[in-house]
Student: 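Sharing a structure with you now.
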Amino acid sequence: MAKSSASMEKLKGFLSSQINDEEKWALNAVNLPLLYFSFTHLTLLQKLLRAAGLFAASIVLMRNFGDLMAI
Amino acid sequence: MGSSVSHAAAPPPPPPSPSPSPSSVGLAAALPRKQDEKAEPEKVDWLNLPCPIPFEEIQREALMSLKPELFEGLRFDFTKGLNQRFSLSHSVFMGSMEVPSQASDTLKVPTAHYEFGANFLDPKLMLVGRVLTDGRLNARVKSDLTDNLTMKMNAQLTNEPHFSQGMFNFDYKGTDFRSQLQIGNNAFYGGNYIQSVSPHLSLGTEIFWLGHQRKSGIGFAARYNTDNMVATGQVASTGIVALSYVQKVSEKVSLASDFMYNHLTQDVTSSFGYDYILRQCRLRGRIDSNGAFAAFLEERLNMGVNFILSAEVDHRKKDYKFGFGMTVGE
């Protein structure tokens, strides 16, 4: 308990140093939207891999485990 | 002869067991013969291949399972048969329709319309007409000129200039091939040909020419089907690659998956769905690689009365479409 409260204090201290310090805030605020953008706007290759992966995985599942969905 | 009688009477034997049961010992002479018959593959009659399905329906199983007619709003359809061949239909729709716009996002337009339809269905002639309150007219004619030659005509007429369309199709069905010639407005000419190359595999090709825009295109398609599965692939010079796979799990259940890549719009989508056809209802659902999922339920409440529920949710685009409706009559 004492160790966890000490680590919590350390974490709070770190976060407040990042947020309240003007320079640190400017650094992080630029990176955050970019990070969000990279998750929401995928490149064509990423979309292709995602779609091809879903297609291939669904075929494998259908052929091997499709009987489980039969009624 | 004796072996078939013994097959009817005997229980199935255990596969290679060191000590066969006493009841099957007397059939030992007959049983190895049956297993030999099963091991021989069926001989293919290469001159008598089945007729393939039409080129434009090459992905019909996947389309039926994965692309139900989703809608947003209220839908009511009433079909009244006046006699064996002639029927009238009345449809009311109130809701939003998606209109493709210049930007990548589609535009939702609130719409309400009433559609009156008349259908004449004969074994050799089919006439279907629809007229809507916004001034659109749809007409379809299908006529079997001979046993192998069919003529089809589609027309969509609108009040807006340059938006009307018409198309003539001539389909010829051979013993193991089908061919089609298309002539449309705006100097559109097209044709396709599909040939069975084996009892399970058929290959096809299509070509088109748009006169006014001086554009042409060629495409190839393949379809492989067995009793339990259908796999298709299509490639076109317009930059489209479309693959589909349907697994028929049982008489009532199908699972389907498709993949579509469009090089011009740099868009790629894949979806996976199910199709349950039960006595009282038909339920279809799918999820796609963009994170959108949809479901479509048709519930038979009574003879000729169906209740419909449609839902499509895309959390990423914050697009939620829910619809309900009823259809009365066959």
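It should be emphasised that the depicted structure is a prediction, and the values quoted were computed from it without experimental measurement. Chain naming here is simple, since letters A, B, ... match the order of the sequence lines and numbering starts at 1 in each.
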Student: Are there more than 12 heavy atoms of other residues, nucleotides or ligands under 6.0 Å from atom CD of E251(B)?
Tutor: no
Student: How long is the straight-line distance from CG of D67(A) back to OG of S250(B), given to the nearest 0.5 Å?
Tutor: 9.0 Å
Student: What is the distance from atom OH of Y276(B) to atom CD1 of I71(A), rounded to the nearest 0.5 Å?
Tutor: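 Going from the OH atom of Y276(B) to the CD1 atom of I71(A) covers 6.0 Å.
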Student: Report the distance from atom CG of L255(B) to atom CZ of R63(A), rounding to the nearest 0.5 Å.
Tutor: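 That separation rounds to 12.5 Å.
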Student: Which region of A57(A), side chain (C-beta onward) or backbone (N, CA, C, O), has a non-hydrogen atom less than 4.5 Å from a non-hydrogen atom of chain B, or is it both or neither?
Tutor: neither
Student: Would you say that more than 12 heavy atoms from the other residues, nucleotides or ligands in this model lie under 6.0 Å from the CZ of F65(A), or not?
Tutor: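 No, the 6.0 Å shell around CZ holds no more than 12 heavy atoms from other groups.
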Student: Name the region of L278(B), side chain, backbone, both or neither, that has any atom closer than 4.5 Å to a heavy atom of chain A.
Tutor: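 Side chain only.
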Student: For the atom pair CG (L48(A)) and CZ (F259(B)), what is the distance rounded to the nearest 0.5 Å?
Tutor: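 The CZ atom of F259(B) is 5.0 Å from CG of L48(A), to the nearest 0.5 Å.
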Student: Evaluate the side-chain contact (heavy atoms from CB on, under 4.5 Å) criterion for residues M62(A) and M229(B): first the C-alpha distance (whole Å), next the side-chain angles of each, then the deciding distance (0.1 Å), finally the verdict.
Tutor: CA-CA 10 Å; M62(A) 278 190 272; M229(B) 57 78 92; over 6 Å; no
Student: Tell me, side chain or backbone of D258(B) under 4.5 Å from chain A's heavy atoms, or both, or neither?
Tutor: backbone
Student: Considering only heavy atoms, which portion of M260(B) lies under 4.5 Å from any heavy atom of chain A: side chain, backbone, both, or neither?
Tutor: neither
Student: Who among S244(B), S257(B), A256(B) has the most heavy-atom pairs with chain A under 4.5 Å?
Tutor: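 Answer, by heavy-atom pair count under 4.5 Å with chain A: S257(B).
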Student: For S270(B) and A51(A), indicate whether the former's side chain and the latter's backbone hold a donor-acceptor pair under 3.5 Å.
Tutor: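 A pair under 3.5 Å: yes.
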Student: Drop me the distance from Y245(B)'s OH to F55(A)'s CZ, to the nearest 0.5 angstrom.
Tutor: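 Going from OH on Y245(B) over to CZ on F55(A), the span is 9.5 Å.
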